[in-house]
Amino acid sequence: MITRDNFLSQLFNKNCGNAKLEEIKEKKELEEFTFVYSKSAYSQEMSIKAKNLNFYLAEISVNLIFKNDNVNFQSFEGELANNSNAEEIENLAFNSFVFDRFHKDPNIPNSIASEIKKQWVRNFFLGKRGDKCFIKRSSDGKVIGFLLSNITNENIKIDLLAVDKNHRGRGLGKSLINDFFNFYRNQNKNFMVSTQIDNSRSIRIYESIGFTKLSNQLVWHHTNEN
């Protein structure tokens, strides 16, 4: 089964979809879509099927969990974004990502890959995605880091996190994550985050804070030239 992805279809200006690999029986089901993505468990069976359907392995995601059990969090003293910060944060998102599946896919121009991240943030400010946006500022008041959170029935997830490249290595990412923890300290939920397996720096940071690896996930892309 393939479901139209309206968000990506608008950005690509072409028909894009989200597939369930286990439900696709033949290649012709993909013909009406220019771009299709799918996520699967780390299994040989799904890998063989994906490749037989001409899917490209765009990313191996690492899912990490931080269990909210008997942790002595502090009161929240961070800053939450408001609509006046939207443009700064959108631009930061546009310029901050290189390891994600869209930037890694040779069939997707970097300009579109970056625009996806920018629109992802815009949807937060439009009330279409996410729960809160935590921010960090430079000494002159400029937004130089942000963290978007997203709540599900089971978990609270770091949906997107970025720090300005000129301010990395100063602990801002960890500080944003601590703000995230402290804000949701009274929620009876575990914390989750996903990142790319080749983004070793991010994995080291998450593990140093106390996240542990939970599972891997394969992310597949399929492109038709039409």
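Side-chain atoms are counted along with the backbone in the values below, which use heavy atoms only and exclude waters and symmetry mates. Bear in mind the structure is a predicted one, so any value in this text is a computation, not a measurement.
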Side chain Arg185, main chain Asn182, donor-acceptor under 3.5 Å: yes

Polar side-chain atom of Asn63 near backbone of Gln217 as donor-acceptor pair, under 3.5 Å: no

side-chain contact (heavy atoms from CB on, under 4.5 Å) between Ile89 and Phe125, intermediate numbers included: CA-CA 10 Å; Ile89 298 172; Phe125 288 102; 3.8 Å; yes

Which value, rounded to the nearest 0.5 Å, describes the distance between [X] atom [atom1] and [Y] atom [atom2]?
X: Ser61; Y: Asn216; atom1: OG; atom2: CG; result: 8.5 Å
X: Leu64; Y: Thr212; atom1: CG; atom2: OG1; result: 7.0 Å
X: Glu26; Y: Glu31; atom1: CD; atom2: CD; result: 9.0 Å
X: Ser215; Y: Lys213; atom1: OG; atom2: NZ; result: 11.5 Å
X: Ile144; Y: Leu176; atom1: CD1; atom2: CG; result: 9.0 Å
X: Phe55; Y: Lys27; atom1: CZ; atom2: NZ; result: 11.0 Å

Asp164 vs Leu172, side-chain contact (heavy atoms from CB on, under 4.5 Å): CA-CA, chis, key distance, verdict: CA-CA 10 Å; Asp164 185 288; Leu172 289 174; over 6 Å; no

Among Asp198, Val193, Thr195, the one residue meeting side chain to side chain contact (heavy atoms under 4.5 Å, CB included) with Ile203: Thr195

Parallel, tilted or perpendicular: ring planes of Tyr56 versus His221, cut at 30 and 60 degrees: tilted

Candidate pair Ser149 and Tyr184, rule side chain to side chain donor-acceptor pair (under 3.5 Å), full reasoning: CA-CA 10 Å; Ser149 64; Tyr184 294 111; 2.6 Å; yes

Transitive ILVMFWY side-chain link Trp120 to Ile135, under 4.5 Å: yes

Same apolar cluster: Phe76 and Leu148, side chain cutoff 4.5 Å: no

Intermediate values then yes/no, side-chain contact (heavy atoms from CB on, under 4.5 Å), Arg101 and Ile116: CA-CA 11 Å; Arg101 61 190 175 99; Ile116 289 170; over 6 Å; no

Asn150 side chain to Arg129 side chain, donor-acceptor N/O pair below 3.5 angstrom: no

Between Glu45 and Ser43, a side-chain donor and acceptor under 3.5 Å: no

side-chain contact (heavy atoms from CB on, under 4.5 Å) assessment of Ser208 paired with Lys174: CA-CA 9 Å; Ser208 72; Lys174 285 187 177 182; 3.3 Å; yes

